[in-house]
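Below is one structure, written out as C-alpha cells; the observations come after it.
Computed over heavy atoms, backbone and side chain alike; hydrogens, waters and symmetry mates excluded.
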There are 4 protein chains.
Amino acid sequence: MSGTLNKVMLIGHLGDDVKMHYFEGGNSIGRFPLATNETYVNRQTGERVTNTEWHNIVVRNKAAEVCEKYLSKGDKIYVEGRIKTRQWQGDDGNTRYSTEIQVTDFTFLSTKKESGDNNFSQAGPSSSTENRPAGNNPTPPQDTGEDDDLPF
Amino acid sequence: MSGTLNKVMLIGHLGDDVKMHYFEGGNSIGRFPLATNETYVNRQTGERVTNTEWHNIVVRNKAAEVCEKYLSKGDKIYVEGRIKTRQWQGDDGNTRYSTEIQVTDFTFLSTKKESGDNNFSQAGPSSSTENRPAGNNPTPPQDTGEDDDLPF
Amino acid sequence: MSGTLNKVMLIGHLGDDVKMHYFEGGNSIGRFPLATNETYVNRQTGERVTNTEWHNIVVRNKAAEVCEKYLSKGDKIYVEGRIKTRQWQGDDGNTRYSTEIQVTDFTFLSTKKESGDNNFSQAGPSSSTENRPAGNNPTPPQDTGEDDDLPF
Amino acid sequence: MSGTLNKVMLIGHLGDDVKMHYFEGGNSIGRFPLATNETYVNRQTGERVTNTEWHNIVVRNKAAEVCEKYLSKGDKIYVEGRIKTRQWQGDDGNTRYSTEIQVTDFTFLSTKKESGDNNFSQAGPSSSTENRPAGNNPTPPQDTGEDDDLPF
DNA sequence: TTTT
DNA sequence: TTTT
C-alpha cells in the first residue's frame with residue numbers, strides 16, 4: 001500500500017530546552033521548538049528581510065531521552081521526520097490545527113552539554129549507523145511505544 | 001545569515017483540482033490538498049491501520065499555471081518545498097495557525113490530462129534542468145512575485 | 001561521533017530486472033541499474049538535450065526480496081539511501097572506483113507484476129510504516145546481515 | 001519530460017581546501033572532498049567501527065567563489081545536489097568512472113574564515129532565500145555557464 | 001479530499 | 001540499460 005512519501009529535513013536552532021513527558025509503561029515524548037530562517041532582499045525597497053519559521057518538533061522514547069540529555073536552547077540540530085497535523089475542536093466549536101514534525105532521525109550539529117555520539121535514528125541513524133546494534137546504547141530504555149496509540 | 005534548512009519532500013495524490021488565484025500585476029497562486037498515507041499494523045490487535053495526512057500545497061506563478069494545466073484530482077505528484085505556518089487572530093481572539101507547503105520543485109508522477117514536460121522548479125527543475133534556460137518556456141509569463149509581499 | 005549526513009533520494013526507472021545473490025547464512029543482496037534524466041535547452045543552439053544518469057542500486061535481505069518479487073525492467077521507483085564508493089586495485093595496479101546507492105527506504109511508483117504493499121524500509125518504511133511491527137511480514141526471512149561484513 | 005529525481009543531501013567536513021579552476025568567458029568551478037561518517041557496532045566482535053565516505057564535491061561559478069572565500073579544510077557544510085558519474089577510457093582501454101556531487105544548494109555549518117552569509121543556492125538558496133534577488137551579491141560575477149557544455 |  |  002501507499003507509494004507515498006512524507007519527509008521533512010530541517011537544520012535549525014532550538015528555541016527552548018527539550019520538554020519531556022513520561023507515560024505509564026515506559027513510553028516518553030520530548031518536544032521542542034526549532035527555528036529555521038529565510039533571508040531575502042525585498043525587490044522594491046532593497047532591504048534585507050529575515051523571516052523565522054518555528055517548527056514543533058516531537059521525539060519519542062530513546063530518541064527523546066538522548067535529545068533531552070544533550071540538547072539545550074540555542075543548540076543546532078539536523079532533524080528528519082514526517083509532517084503530522086493534529087486537529088481538535090476548539091471551545092468555540094471550530095476545528096483547530098497544530099502541525100508537528102515527528103522525528104525519525106537526527107544528528108547534533110552543536111551541543112552545549114557534552115555529547116559522545118550525536119547521531120541517532122528511531123529506526124537506525126541516518127549517516128552510517130542505520131544498522132547499529134544495541135551496543136550503542138549501553139543501558140537502553142524500553143523499546144516500546146513506537147507504534148503506540150498515544151493521543152499525541 | 002542562516003545556516004538553516006527547511007525542506008519538505010512529498011509524494012502523494014491530489015485530493016482536489018488545483019485552485020488558482022490571479023493577482024493584479026500578473027502574479028498567481030495555485031493551491032491543492034495532497035494526501036500521503038502511512039500504514040502500520042497495530043501491535044495489540046494485529047490489524048492493519050492506514051492514516052492519511054493532508055498537506056496544503058501552495059504553488060506560485062509559472063509553476064502554478066503548469067500544475068493547473070496538467071494536474072487533476074487523484075493525480076500523483078512529487079513535491080519539494082518549505083514548511084510555512086501562517087498565523088492570524090481568530091474571531092474569538094485566539095491565535096490560529098495554518099501550515100502550508102510552499103513548493104520550490106515538483107515532478108508529475110501521473111497526469112490524467114496530457115503533459116509534455118512534467119518536471120519543474122521555481123528555481124530550476126529538480127532532476128537535471130536546474131539550469132534550464134528560457135528556451136523551455138517559449139512564452140514565459142511575468143517572472144515576478146517570487147519574493148513578493150503578498151499576504152499568502 | 002559523526003554529526004554527518006549521507007542521503008540520496010532518487011525517482012527513476014529500472015534499466016534491468018533485479019539481480020539477486022544469496023549468501024550462506026540467509027543473507028541476500030539485490031542489484032539493479034536505475035535511470036534518472038535531466039533535460040535542459042542548450043543556450044547556444046536552442047536544442048533540447050536529455051542526459052541520462054545511471055545509478056547502481058543495492059538492496060539487501062528482505063528489501064531485496066521484495067524488490068525482486070515486484071519490480072521489473074522499466075518500472076518506476078522512489079529510492080532512498082546512502083552513497084557508498086567501493087574501491088579496489090585494478091589489474092594494472094591503478095585504484096578503481098565504483099559508486100553505489102545502498103538503499104534504506106523505497107516505495108514503488110509503478111509495477112508490472114502485481115504488488116500488495118509497495119512501501120518499504122530497511123529500518124522502517126518511509127511514509128508511515130516506520131514502526132511497522134512484524135505482523136506485516138507473515139513469514140519473515142532471517143533478519144540478518146544488516147550490519148554484516150560482507151564484501152559488498 | 002522526465003518525472004525523475006536525482007537528489008543528494010550531505011552534511012560533512014571538508015578534507016581539503018576548495019580548489020578553483022577558471023575558464024575563459026568567466027566560468028569557474030570549485031572542487032573539494034567531503035567526508036561523511038557512519039558508525040556502527042560490529043555484531044560479532046562488539047567493537048565500534050567508523051567508516052568514512054569521501055564525496056567529490058563540484059561547485060560552479062558564484063557558488064564556487066563563495067565556497068572558496070569562506071570554506072577551509074575541516075569546515076562543516078550542508079550540501080545539496082545531484083549525482084553525476086563521468087566516464088572515460090583509461091590508458092588500458094578500460095572504462096573508468098568517477099562519481100561527483102554537483103552542488104545546487106549549500107549552507108555553511110562552520111567556517112574558519114569569517115562569513116557574512118552562509119546560505120546559498122545555484123538556483124536560489126535552500127532555506128528561505130530561494131527567490132533572493134541580486135541585492136544579495138553586491139558585485140555578482142557573470143551569471144554564465146549554468147548550462148554550459150564544459151567537459152566537467 | 002486522494003490512492004492501493 | 002529506463003522513461004516521456
Quiz prompt | Whole-Å distance separating the NZ atom of C:Lys19 from the P atom of F:dT1 | solution = 13 Å

Practice problem: Whole angstrom is fine here: how far is it from CZ in B:Phe32 over to P in E:dT2? | Solution: 15 Å

Practice problem: Specify the separation, in whole Å, of atom CG of C:Leu10 and atom C1' of F:dT1. | Solution: 16 Å

Self-check item: side chain to side chain contact (heavy atoms under 4.5 Å, CB included) involving B:Ser72 - partner list, sequence neighbours excluded
Solution: B:Asp17, B:Asp75, B:Lys112, B:Lys113

Self-check item: Shortest non-hydrogen contact between D:Gly81 and D:Thr104, atoms and distance
Solution: CA-OG1, 3.6 Å

Quiz item: To the nearest Å, how far apart are B:Leu14 CG and E:dT3 C1'?
Solution: 11 Å

Quiz item: Taking only residues two or more places apart in sequence or in another chain, which ones pass side chain to side chain contact (heavy atoms under 4.5 Å, CB included) with C:Glu53?
Solution: C:Thr36, C:His55, D:Asn6, D:Lys84, D:Thr85

Self-check item: Rounded interatomic separation in angstrom, taking NZ from C:Lys76 and C1' from F:dT1
Solution: 17 Å

Self-check item: Distance in angstrom units between B:Phe108 CZ and E:dT2 P, rounded
Solution: 20 Å

Quiz item: Between E:dT1, E:dT3, F:dT2, which one does the side chain of C:His13 approach most closely?
Solution: F:dT2

Quiz prompt | Distance-only donor-acceptor test, C:Asn37 side-chain atoms vs F:dT3 base atoms, 3.5 Å | solution = yes

Quiz prompt | Value in whole Å for how far the P atom of F:dT2 lies from CG of C:Asn56 | solution = 16 Å

Self-check item: Considering all heavy atoms, the nearest A:Thr4-B:Gly12 contact
Solution: CG2-CA, 4.3 Å

Quiz item: With distance as the sole criterion, do the side chain of A:Thr4 and the base of E:dT3 form a donor-acceptor contact below 3.5 Å?
Solution: no

Quiz item: Rounded to whole angstrom units, what separation is found between the CG atom of C:Leu109 and the C1' atom of E:dT3?
Solution: 12 Å

